[in-house]
Undergrad: 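Dropping the structure in here first, questions after.
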Amino acid sequence: MNTATECLLRMVEEHHDLEDYQGGVPRWCTGCGDNAILTSVQRLCRDEGLRPEKTVFVSGIGCSSRLPHYMKTYGFHGIHGRALPLATGLKVARPELTVICTGGDGDGFSIGGNHFLHACRRNVDITYIVMDNQVYGMTKGQASPTTEPNWDSVLTPGGTGIRPFQPLVIALASGANFVARAFAGDPEGTTQIIIAGIKHPGFSFIQVLSPCVTFRPEQREWRNQVRPAPVPTTADPSIAAKRIMTDDGFNLGILYQGDRPAYKSGLTASSMQADELSQEFLV
Ligand code: SF4
Ligand code: MG
């Protein structure tokens, strides 16, 4: 086989269509923002030429955590709140993979809250997409960590009265080097932000506002409230913190991007023999 033929074969092999990433019919409610985010993710995989066999989606539990089922890449649907440690271990052991973690606000900021802090701090090169709808959708509409205190519902009459978790500023304070906000109803913007997050070396945190049309139908109004952030991305964490703490939660874009080096481990799965590894766990 001559070099030109080899080159052509490689190009054919590396070209992927959208169908190469589509793994079944999503079971989300019609109009749920997660549907749009899935489409954005599948398109960016194709447009960026991410190889399905080198790409892994890892999730926890909840409506949005079903995303890996709908991708024809590798995937791991883990347990509640534990997506980040799974993704971290995978990326450290297999640094050649593109590892993308997905989930919701309940999974990521409540039971997974501690892992969130430490993923920001460790700065392993994974991308974390949180589809935030300020409610537990899968378990039928309980208030989540990001729910506003006066959200009146059957389960919390009059609201919880509890101050919401502020994921972006907490990410920043914990050492995250890439902090962004997108909106499911803006697929092009969401796609571009996730691409930037994947390309950013180190941990990238992207909150995607994703309306839950079933339990929070009023979130359909978000499309009239979001706007591109009126200021450019900053690399100064104090400026970013002030902006994020004083915005109303609807400014979209990459709100902070620093240059702290990503975590690198000398240890890989192939560098350690199985019997050596088993010795590590002997009690
Ligand atoms: Fe989406 Fe809400 Fe339906 Fe879950 S319950 S699929 S979050 S609209
Ligand atoms: Mg949620």
Side-chain angles (χ1 to χ4, degrees), residues 22-42 57-71 75 77-84 87 100-116 119 127-156 159-160 162-168 170-171 180-187 190 194 205-226 249-250 252:
Q22 292 171 326
V25 180
R27 293 190 177 192
W28 292 310
C29 305
T30 303
C32 173
D34 298 355
N35 292 290
I37 297 167
L38 174 68
T39 303
S40 292
V41 165
Q42 290 168 336
F57 285 83
V58 181
S59 68
I61 295 293
C63 290
S64 51
S65 286
R66 292 191 57 80
L67 189 138
H69 288 273
Y70 310 134
M71 298 297 300
H77 190 174
I79 55 172
H80 207 195
R82 309 298 183 228
L84 282 169
I100 301 167
C101 207
T102 63
D105 41 298
D107 179 77
F109 305 142
S110 185
I111 194 166
N114 191 39
H115 297 304
F116 177 55
T127 303
Y128 186 33
I129 302 169
V130 175
M131 303 177 216
D132 193 347
N133 52 17
Q134 303 173 354
V135 74
Y136 284 93
M138 194 185 73
T139 49
K140 308 286 183 243
Q142 297 87 352
S144 85
T146 52
T147 303
E148 59 274 34
N150 58 351
W151 180 56
D152 187 34
S153 71
V154 176
L155 295 167
T156 46
T160 62
I162 300 170
R163 180 191 163 90
F165 188 81
Q166 301 289 328
L168 280 77
I170 288 168
R181 184 186 291 122
F183 171 54
D186 169 26
T190 299
I194 298 175
F205 170 56
I206 304 165
Q207 174 197 43
V208 188
L209 301 174
S210 180
C212 172
V213 293
T214 298
F215 294 105
R216 309 279 328 244
E218 71 279 12
Q219 291 176 346
R220 290 180 190 274
E221 273 307 301
W222 279 355
R223 65 176 57 253
N224 299 317
Q225 294 170 272
V226 295
F250 292 105
L252 307 181

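Everything quoted here is computed from the prediction, not taken from an experiment. All values below were derived from every heavy atom in this structure, side-chain atoms included, with hydrogens, water molecules and symmetry-related copies excluded. Here, residue 1 is the first one in the sequence, and each next residue gets the next number. Every number for a ligand or one of its atoms is a count from 1 in the order of the listing.
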Undergrad: I'd like to check the side chain to side chain contact (heavy atoms under 4.5 Å, CB included) partners of T102; sequence neighbours left out, ordered by chain and number.
TA: F57, S59, L67, P68, I100, I129, M131

Undergrad: Donor-acceptor pair, distance only, cut-off 3.5 Å: does the side chain of R216 make one with the backbone of Q134?
TA: yes

Undergrad: Over 60° means perpendicular and under 30° means parallel, so tell me whether Y128 and F205 are parallel, tilted or perpendicular.
TA: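 Y128 vs F205 ring planes: tilted.
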
Undergrad: So if I count the atoms of ligand 1 from 1 in the order they appear, which ones are less than 4.0 Å from some heavy atom of N133?
TA: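 Selected atoms, number and element: 7 (S).
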
Undergrad: Restricting to ring-ring contact (aromatic ring centres under 6.0 Å, His included), what partner residues turn up for Y136, sequence neighbours left out?
TA: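 ring-ring contact (aromatic ring centres under 6.0 Å, His included) check on Y136 returns nothing, list empty.
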
Undergrad: List for me each residue that meets ring-ring contact (aromatic ring centres under 6.0 Å, His included) alongside F215, sequence neighbours excluded, and say none if there are none.
TA: none

Undergrad: If I only include protein atoms of type N, O or S, how many are less than 2.8 Å from atom 3 (Fe) of ligand 1?
TA: 1

Undergrad: For the side chain of H77 and the backbone of V58, is there at least one donor-acceptor N/O pair under 3.5 Å apart?
TA: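 Side chain of H77 to backbone of V58, a donor-acceptor pair under 3.5 Å: no, none is there.
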
